[in-house]
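A short worksheet on the structure shown next.
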Amino acid sequence: MRIATWNVNSIRSRIDRVTAWLERSDVDVLAIQETKAREDQFPLERFEALGYEVAHHGLSQWNGVAIASRVGLDDVQVGFDGMPGWGEPAAPEARAIGALCDGVRVWSLYVPNGRKVDDPHYVYKLEWLARLREAARQMTGD
């Protein structure tokens with residue numbers, strides 16, 4: 001199985017590039033980050049026309065993650081156990097989606113940008129990665 005990942009920085013702006021690349025590549029699964037689209041804005045039909053199923057999680061014009069698979073898409077999981085949110089109060093963000101693709105668990109992760117060491121986003125990024133590490137341990141039984 002061939003798996004690729006792409007931070008598209010707006011799927012609506014880059015859909016022509018993404019579909020052209022999928023047409024000339026032999027990728028079975030594409031993990032996509034920074035879709036910057038709500039569910040109703042995601043260009044699902046463009047992927048389906050190429051034979052891909054898509055699981056997408058997007059809440060607004062920020063963040064957003066998706067998995068496009070032509071080898072099956074089952075057991076979709078939005079977020080991971082203990083995934084922190086951002087803000088006061090902490091709100092969930094669309095930064096993680098996982099699915100089984102031909103029996104292989106694939107995750108599309110959009111890790112928060114820490115900006116600089118003294119920025120509150122840096123602490124958020126470290127917490128997010130620590131929670132991801134713990135969730136991965138639980139998933140693998142380590």
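None of these values were measured; they are calculated from a predicted model.
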Problem - Hydrophobic cluster identity match, L73 and M1, side-chain contacts under 4.5 Å - result: yes
Practice task
Go through the structure and list residues passing ring pair (Phe, Tyr, Trp, His ring centres under 6.0 Å) with W62, not counting sequence neighbours.
Solution key: none
Handout entry: Co-membership, hydrophobic cluster, residues V106 and L100, 4.5 Å side-chain
Key = no
Distance-only donor-acceptor hits, side chain of residues 48-55, under 3.5 Å, sequence neighbours excluded:
unit_1 : atom_1 : unit_2 : atom_2 : d
Y52    : OH     : V27    : O      : 2.6

Practice task
Sequence neighbours left out, what passes side chain to side chain donor-acceptor pair (under 3.5 Å) with E134? Give chain and number order.
Solution key: Q138
If you look only at distance, which donor and acceptor atoms sit under 3.5 Å apart when one is on a side chain in residues 78-93 and the other is two or more places apart or in another chain?
unit_1 : atom_1 : unit_2 : atom_2 : d
E93    : OE1    : R95    : NE     : 2.8
E93    : OE1    : Y124   : OH     : 2.4
E93    : OE2    : N63    : ND2    : 3.2

Side-chain polar contacts of residues 28-39 - donor-acceptor pairs under 3.5 angstrom, sequence neighbours left out - could you list them?
unit_1 : atom_1 : unit_2 : atom_2 : d
D28    : OD1    : R70    : NE     : 2.9
D28    : OD1    : R70    : NH2    : 3.1
D28    : OD2    : R2     : N      : 2.9
Q33    : OE1    : T5     : OG1    : 3.2
Q33    : OE1    : N7     : N      : 3.4
Q33    : NE2    : T5     : OG1    : 2.8
Q33    : NE2    : A31    : O      : 3.4
Q33    : NE2    : S108   : OG     : 3.1
E34    : OE1    : N7     : ND2    : 3.2
E34    : OE1    : Y110   : OH     : 3.4
E34    : OE2    : Y110   : OH     : 3.4
T35    : OG1    : H56    : NE2    : 2.9
K36    : NZ     : N9     : OD1    : 2.7
R38    : NE     : D40    : OD1    : 3.0
R38    : NH2    : D40    : OD2    : 3.1
E39    : OE1    : H56    : ND1    : 3.4
E39    : OE2    : H56    : ND1    : 3.3
E39    : OE2    : G58    : N      : 2.6

Practice task
With sequence neighbours left out, write down each residue that passes salt bridge (charged side-chain N to carboxylate O under 4.0 Å, His left out) with R12, or none if nothing qualifies.
Solution key: none
Exercise for the section: For the pair I67 and W107, evaluate side chain to side chain contact (heavy atoms under 4.5 Å, CB included) and give the outcome as yes or no after the intermediate values. Expected result: CA-CA 8 Å; I67 298 173; W107 281 91; 5.9 Å; no
Practice task
Report the distance from atom NZ of K125 to atom CG of D119, rounding to the nearest 0.5 Å.
Solution key: 11.5 Å
Handout entry: By ring pair (Phe, Tyr, Trp, His ring centres under 6.0 Å) - contacts of H57 (at least two apart)
Key = none
Handout entry: Hphob cluster co-occupancy, V65 + I3, side-chain heavy atoms under 4.5 angstrom
Key = yes
Fill in the blank from the handout: Sequence neighbours excluded, the answer for salt bridge (charged side-chain N to carboxylate O under 4.0 Å, His left out) partners of R131 is E127
Exercise for the section: Please identify each residue that fulfils side-chain contact (heavy atoms from CB on, under 4.5 Å) with Q61, with sequence neighbours left out. Expected result: none
Problem - Qualifying residues under ring pair (Phe, Tyr, Trp, His ring centres under 6.0 Å), relative to W6, sequence neighbours excluded - result: W21
Completion exercise
CZ (R46) and OG1 (T19) are apart, to the nearest 0.5 Å, by 4.0 Å
Practice task
Run through the side-chain heavy atoms of Ile, Leu, Val, Met, Phe, Trp and Tyr, join any pair under 4.5 Å, and report what else lands in V117's cluster.
Solution key: Y122, L126
Fill in the blank from the handout: Taken to the nearest 0.5 Å, the spacing of C101 SG from D74 CG works out to 8.5 Å
Problem - Results of side-chain contact (heavy atoms from CB on, under 4.5 Å) for D118 - residues two or more places apart only - result: K116
Problem - ILVMFWY network linking L109 to M139, side-chain heavy atoms under 4.5 angstrom - result: yes
